[in-house]
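Below you'll find the structure, written out as C-alpha cells, and then a few comments.
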Amino acid sequence: MTMEPAGTPLDPMTETALRSLKDIALPPAVSWMPQTWGWAVLAVILALILAAAFLLWLRRYRANAYRREALALLAGVEAKIRDPETRQSGVQDLAVLLKRVALAGWPRNDVASLAGAPWAKFLEAHGDRANSRALQSLLDDLEYHASKEIGAAQPNTEAELIAGARNWIERHHVSA
C-alpha cells in the first residue's frame, strides 16, 4: 500500500465523489420517558404506596412521643434509685412516671383511679408479663414503705425494677 504525498492532486472522479459525500444521518435520541401508560400508572401507584408508608410511620412516631419522653425521664429516676440516699424519692418518682405513661396512653377515667392490685393488674395486662414481678413489688405499696426499708433493698432489686419499668414503657400495648 503506497501513500501518495498530500500535495498530489486526486483524479477528478475521486474529487467529485468526495465532495458529494454527506454526514451520516443520526436517528433522534431515545426518550427516557416510559413508552406506555402502564409504566406511568405503576410509578403513580408506587408513589402512593411510599407516601402512605411515610404517613403511617409519621403517625406512629408522633403517637410514641410520650414513650420517648418517659424513657428520657426514666434515666433521671434511675440515678435516684441507684443512690441509697435518694432511693425512696426515686421509687416514688418511678411510680408517678408509670402512672403518667399510662395516662398518656389510655383515657383518664380508665387509669386515674387505679391503685394497688388493680393498678398492678392493669400494668400486667397491658405489658410484658415476664418483667412484671419487680413492678408488682413496687406497686404493692413499696413507694409507701419507710426509707430504711427501701434503702436496704438489694442492688438486683433496683436493676429489676428499672428494667421492668423500661420494658413496660417500651412495650406496653395500647388498643387503638
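As a basis for the values below, the full set of heavy atoms in this structure was taken, side chains included, without hydrogen atoms, waters or symmetry mates.
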- Message: Evaluate V91 against L161 for side-chain contact (heavy atoms from CB on, under 4.5 Å), listing each step before the verdict.
- Response: CA-CA 9 Å; V91 168; L161 188 62; 4.2 Å; yes
- Residues that K99 engages under side-chain hydrogen bond (donor to acceptor under 3.5 Å, both in side chains), provided they are two or more places apart: none
- Task: Go through the structure and list residues passing side-chain contact (heavy atoms from CB on, under 4.5 Å) with V96, not counting sequence neighbours.
- Result: R100
- Message: If the condition is side-chain contact (heavy atoms from CB on, under 4.5 Å), which residues does R108 pass it with, not counting sequence neighbours?
- Response: L103, A112
- Query: Could you state the interatomic distance from CZ (R82) to CZ (R87), rounded to the nearest 0.5 Å?
  - Reply: 9.5 Å
- Task: Start with the C-alpha distance between L74 and L94, add both sets of side-chain angles, then the distance that settles side-chain contact (heavy atoms from CB on, under 4.5 Å), and finish with yes or no.
- Result: CA-CA 7 Å; L74 183 62; L94 183 62; 3.5 Å; yes
- Task: Heavy atoms only: give me the nearest W119-V111 pair and the separation to one decimal.
- Result: CZ3-CG1, 3.9 Å
- Item | Side-chain cluster (under 4.5 Å, hydrophobic types only) that V44 belongs to, other residues | L48
- Item | Output field: ring centroids H126/W168 closer than 6.0 Å | no
- Query: Going by the ring-ring contact (aromatic ring centres under 6.0 Å, His included) test, which pairs reach into residues 70-103, not counting sequence neighbours?
  - Reply: none
- Item | Pairing residues for D110 by the side-chain contact (heavy atoms from CB on, under 4.5 Å) criterion, not counting sequence neighbours | P107
Sequence neighbours left out, cut at 3.5 Å: what donor-acceptor pairs do the side chains of residues 10-23 make with other protein atoms?
residue: D11; atom: OD1; partner: M13; partner atom: N; Å: 2.9
residue: D11; atom: OD1; partner: T14; partner atom: N; Å: 2.9
residue: D11; atom: OD1; partner: T14; partner atom: OG1; Å: 3.1
residue: D11; atom: OD2; partner: T14; partner atom: OG1; Å: 3.0
residue: E15; atom: OE1; partner: R19; partner atom: NH2; Å: 2.8
residue: T16; atom: OG1; partner: P12; partner atom: O; Å: 2.8
residue: S20; atom: OG; partner: T16; partner atom: O; Å: 3.3
residue: S20; atom: OG; partner: A17; partner atom: O; Å: 2.9

- Message: With ring-ring contact (aromatic ring centres under 6.0 Å, His included) as the rule and sequence neighbours excluded, what pairs involving residues 80-103 come up?
- Response: none
- I45 meets the side-chain contact (heavy atoms from CB on, under 4.5 Å) criterion, sequence neighbours left out, with V41, I49
Report all side-chain donor-acceptor pairs from residues 66-73 shorter than 3.5 Å, counting only partners two or more places apart or in another chain.
residue: Y66; atom: OH; partner: H172; partner atom: NE2; Å: 2.7
residue: R67; atom: NE; partner: N64; partner atom: OD1; Å: 2.9
residue: R67; atom: NH1; partner: I169; partner atom: O; Å: 3.0
residue: R67; atom: NH1; partner: E170; partner atom: O; Å: 2.9
residue: R67; atom: NH1; partner: H172; partner atom: O; Å: 3.3
residue: R67; atom: NH2; partner: H172; partner atom: O; Å: 2.9
residue: R68; atom: NH1; partner: Y61; partner atom: O; Å: 3.0
residue: R68; atom: NH2; partner: Y61; partner atom: O; Å: 3.1

- Query: Shortest non-hydrogen contact from G90 to K80?
  - Reply: CA-CB, 3.7 Å
- Pairwise distance CD1(I81) to CD(Q88) - rounded to 0.5 angstrom: 11.5 Å
- Note on the structure: salt bridge (charged side-chain N to carboxylate O under 4.0 Å, His left out) pairs touching residues 50-61, sequence neighbours excluded, are none
